[in-house]
Structures are given as C-alpha cells and as structure tokens.
Amino acid sequence: MDRGLERPPYVTGCSTTFDGTRLNKLLLVSAGAYLLVDVLHLIGRSTQTYHDNLMSAADRVFGDGSTTVEINPGVGLWSIVGPLAVLAVYALIYSYPRKGKNWARVTGIVLACLGSAFSLVGFFDAFFYGLYGIVVALAIVAFVAVNVVWIVAAIRGR
C-alpha cells in the first residue's frame with residue numbers, strides 16, 4: 001500500500017477503521033432527544049391550553065357547537081408502549097454496528113430519516129400548546145439536528 005494515500009496518524013478524528021464510538025454517542029444523544037421531545041409532548045397534551053385550542057380548531061373546521069365529543073389527550077397506552085418500542089429499536093441499532101453489522105447502520109439511517117420526518121409533523125402540533133410550544137419546537141429542532149449529524153456520520157462511516 002502506498003504510504004502517501006493513508007491518513008496521517010497524527011490527525012485527530014480520522015481513523016482508517018470504523019469503530020463506531022462517535023456514531024454510538026450520537027445515537028445516545030438522539031435517543032435522549034427523542035425522550036425529551038416525547039415527554040414534552042405528553043406534558044403539552046395534558047394542558048388546558050392544548051385542549052381549548054384543539055376544540056376551537058375543531059369548531060372552526062366543523063362549525064360552532066358541532067364538536068360534542070370530549071377530547072382526552074392525556075396519557076394513554078400508546079404514550080407508554082410507543083416510546084418503549086422506539087427505545088428498543090435504538091438499543092438494537094446501538095448494539096449491532098459494534099459487531100460489524102452494516103445492516104444496522106443502514107436501518108439506522110432509514111429510521112433516523114423517518115423519525116425526523118414524523119417529528120417535524122409534531123412540530124405543527126406544538127403550536128396548539130401556547131407559549132409552551134416554543135420549548136417543544138426547539139426540542140424538535142434539536143432532535144432533527146442530532147439525527148442529521150448522525151446520518152452524515154453513518155454515511156461517512158465514522
């Protein structure tokens with residue numbers, strides 16, 4: 001192998017082999033950001049402001065007084081099972097690239113894209129929370145930013 005084509009060993013952050021440590025750290029940050037966004041959404045959905053804004057939006061769409069159904073946006077079964085399933089997928093993606101499984105990195109890229117897209121849909125839901133929605137929106141932006149950095153690191157193989 002030609003010595004001139006290899007990366008110099010004194011350059012930090014450049015290795016010729018993939019060890020996945022940066023990728024795994026970013027994955028843990030992404031999982032933490034996901035949990036933060038999920039908890040913030042749960043808190044936001046339990047506020048009276050959210051309920052009032054949702055009811056007034058339904059009245060605007062269906063006409064005044066037509067919404068007689070009471071909306072209960074509190075914690076349901078999927079508010080607990082959903083995040084647990086997502087964290088299980090995070091654990092799967094976290095463990096397999098260490099063992100040299102390339103499919104986990106590809107799956108992680110696809111799921112990071114999907115997770116970012118779905119969280120951006122939740123971005124619009126945050127406007128029903130009133131001023132609290134600003135905090136939720138900033139958390140969603142941070143989650144998407146971490147996912148974009150993770151995708152770039154996974155594609156580059158670092």
Checklist outcome for this item: Between His41 and Gly122, the two heavy atoms sitting closest are CE1-O, 3.4 Å

Next on the checklist: Please determine whether residues Val146 and Val152 belong to a single hydrophobic cluster, defined as Ile, Leu, Val, Met, Phe, Trp and Tyr linked transitively by side-chain heavy-atom distances below 4.5 Å.
Outcome noted: no

Checklist entry - Looking at CG of Leu40 and OH of Tyr129, how far apart are the two atoms once the value is rounded to the nearest 0.5 Å? => result 9.0 Å

Checklist entry - Taking side chain as C-beta onward, heavy atoms only, is Val136 less than 4.5 Å from Ile43? => result no

Item to check | CG on Asp38 to OG on Ser119, rounded to 0.5 Å | outcome: 11.5 Å

Item to check | Residues that Phe127 engages under ring pair (Phe, Tyr, Trp, His ring centres under 6.0 Å), provided they are two or more places apart | outcome: Phe123

Item to check | Joint cluster assignment, Val39 & Leu138, ILVMFWY side-chain distance < 4.5 Å | outcome: no

Checklist entry - Do Leu36 and Tyr132 belong to the same hydrophobic cluster, where Ile, Leu, Val, Met, Phe, Trp and Tyr are linked whenever their side-chain heavy atoms lie under 4.5 Å apart, directly or via other members? => result yes

Checklist entry - Is there a path of hydrophobic side-chain contacts, each under 4.5 Å between heavy atoms of I, L, V, M, F, W or Y residues, that connects Val121 with Val135? => result no

Next on the checklist: Once rounded to the nearest 0.5 Å, what's the spacing between atom CH2 of Trp150 and atom CG of Asn24?
Outcome noted: 9.0 Å

Item to check | Common cluster, Val106/Ile151, ILVMFWY with side-chain heavy-atom separation under 4.5 Å | outcome: no

Checklist entry - Where do Leu87 and Ala31 come nearest, in terms of heavy atoms and distance? => result CD2-CB, 4.4 Å

Next on the checklist: Return the CG to OH distance between Leu27 and Tyr34, rounded to the nearest 0.5 Å.
Outcome noted: 13.5 Å

Item to check | Heavy-atom donor-acceptor pair, Ser116 side chain to Cys113 backbone, under 3.5 Å | outcome: no

Checklist entry - For Tyr90, which residues count as a side chain to side chain donor-acceptor pair (under 3.5 Å) partner, sequence neighbours excluded? => result Ser30

Item to check | Heavy-atom pair with the smallest gap, counting every atom of Ala126 and Ala137 | outcome: CB-N, 4.4 Å

Checklist entry - Say you draw a straight line from NZ of Lys25 to OH of Tyr94; how long is it, rounded to the nearest 0.5 Å? => result 9.5 Å

Next on the checklist: I need the Leu111 CG to Asn147 CG distance, nearest 0.5 Å.
Outcome noted: 10.0 Å

Checklist entry - Heavy-atom count around Leu131 CG within 6.0 Å, excluding the residue itself: above 12? => result no

